[in-house]
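Just so you know, these numbers come straight off a predicted model, no measurement behind them.
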Amino acid sequence: MEINTTQKYNRQGILAMDGVSEISSSSRFFITKTADPELNEKYASFGILVEGNAVLSKLKREMLVNSIEIVRTGSDALAFNTDENEFSR
């Protein structure tokens with residue numbers, strides 16, 4: 001897993017991945033509900049929630065989500081860049 005050390009967990013809605021869980025050989029994904037600088041340089045982040053904050057607020061810690069679909073829809077999503085400039089907006 002490659003981690004970009006310039007990307008910071010400085011807001012809610014950052015989509016990230018935890019390399020390998022202790023119970024399987026698969027990855028776990030998470031979305032931050034608040035800024036959490038303790039995560040900086042520990043996990044790979046690769047997206048920002050741009051819609052759906054109402055759903056995010058209903059999720060509970062350790063809640064199992066069986067599936068998630070990430071879709072680029074609309075001009076903003078299609079133009080989204082995963083670089084530090086975009087994450088700093």
Enquirer: In Å and rounded to the nearest 0.5 Å, what is the CG to CG distance from Leu39 to Asn10?
Expert: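 Between Leu39 CG and Asn10 CG, I get 11.5 Å after rounding to 0.5 Å.
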
Enquirer: Describe, in one word, how the ring planes of Tyr9 and Phe30 are oriented to each other, choosing from parallel (under 30°), tilted (30 to 60°) and perpendicular (over 60°).
Expert: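 Ring orientation of Tyr9 relative to Phe30: parallel.
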
Enquirer: List the residues meeting side-chain contact (heavy atoms from CB on, under 4.5 Å) with Leu56, not counting sequence neighbours, and say none if there are none.
Expert: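 side-chain contact (heavy atoms from CB on, under 4.5 Å) list for Leu56, sorted by chain: Gln12, Ile31, Lys33, Leu49, Asn53, Leu59.
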
Enquirer: Give a yes or no answer on whether the side chain of Thr32 reaches the backbone of Arg11 with a donor-acceptor pair at less than 3.5 Å.
Expert: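 Checked: pair present.
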
Enquirer: Is it true that a side-chain atom of Lys42 and a backbone atom of Glu38 form a donor plus acceptor pair closer than 3.5 Å?
Expert: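 Pair found, side chain donor or acceptor close to backbone of Glu38.
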
